[in-house]
Amino acid sequence: MTKQFFIYGRVQGVGFRYFTWKEAKKLGIKGSVRNRADGSVEVIAQGSEEQLEVFEQWLKLGPRTAKVERVMIYIHKEISAEDFSVIHG
C-alpha cells in the first residue's frame, strides 16, 4: 500500500524531513520526503496497512521541533522504492 501525505504547519526548517526519515527507517517504510514551495512537506510512503497507520499517527504529531496543523492523506499509485530518502532542493 502506498500513501501520499501533505503536512502543514511549522514543518520546514525544524528537522521534519530528517526525523521523518528516521521514523520511516524504524518502521521499515519505503518512499521519500521533501519540502514543498508552499511551506508544507510531502511524504510518499509505502508499507503495510499497519506500518502506514503507525506512520500516519507519527506524522500528525511530528518531531517536537515542529508544529503540525493538518495532514492531508491520499492513496498513491504503487512505487518501486528500495529505501526511504530525503529529497533536497
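Here the structure is a predicted model, which is why all the values come from computation and not from measurement. Sequential numbering from 1 along the given sequence is applied to the chain's residues.
Distance alone, capped at 3.5 Å, is enough to place a donor-acceptor pair between the Gln12 side chain and the Ser40 backbone.
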| Given Val43 and Thr20, is the side-chain contact (heavy atoms from CB on, under 4.5 Å) satisfied, shown in steps? | CA-CA 9 Å; Val43 175; Thr20 299; 4.0 Å; yes
| query | What do the steps show when you test Phe19 against Trp58 for side-chain contact (heavy atoms from CB on, under 4.5 Å), and what is the final call? | reply | CA-CA 10 Å; Phe19 288 110; Trp58 185 88; 3.9 Å; yes
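Both Val86 and Leu59 are members of a single hydrophobic cluster when ILVMFWY side chains are connected at heavy-atom separations under 4.5 Å. No chain of hydrophobic side-chain contacts below 4.5 Å, direct or via other Ile, Leu, Val, Met, Phe, Trp or Tyr residues, connects Ile44 to Met1.
A distance of 7.5 Å separates OG1 of Thr2 from CG of Leu52, quoted to the nearest 0.5 Å. Here the straight-line distance linking atom NZ of Lys67 with atom CZ of Arg10 works out to 8.0 Å at 0.5 Å rounding.
What you find for Lys30 and Ile79 is that their closest heavy atoms are O-CD1, 4.4 Å. When all heavy atoms are compared, the tightest approach of Glu78 to Gln46 is OE1-NE2, 2.8 Å. Across all their heavy atoms, Ile29 and Ala45 have their closest contact at CG2-CB, 3.7 Å. Closest of all the heavy-atom pairs between Ile87 and Arg17 is O-NH1, 3.1 Å. Phe16 and Val41 make their closest contact through CD2-CG1, 4.0 Å (heavy atoms, listed as atom of the first residue, atom of the second, distance). Here the closest heavy-atom approach between residue Val11 and residue Ile7 is recorded as CG2-O, 3.5 Å.
The aromatic rings of Phe6 and Tyr8 lie tilted to each other, with the angle between the two planes from 30° to 60°. Aromatic ring orientation, Phe55 versus Phe84: perpendicular (interplanar angle above 60°, classes split at 30° and 60°).
Judged purely by distance below 3.5 Å, without hydrogens or angles, the side chains of Gln51 and Ser48 pair a donor atom with an acceptor atom.
A 4.5 Å side-chain heavy-atom check between Lys3 and Ile75 finds at least one atom pair inside the cut-off. Lys60 is listed as a side-chain neighbour of Gln57, based on a closest heavy-atom distance under 4.5 Å. Between Glu56 and Val71, every side-chain heavy-atom pair lies at or beyond the 4.5 Å cut-off.
Within a 6.0 Å sphere centred on NZ of Lys25, other residues, nucleotides and ligands contribute more than 12 heavy atoms. Atom CD of Glu49 has 12 or fewer neighbouring heavy atoms from other residues, nucleotides or ligands inside a 6.0 Å radius.
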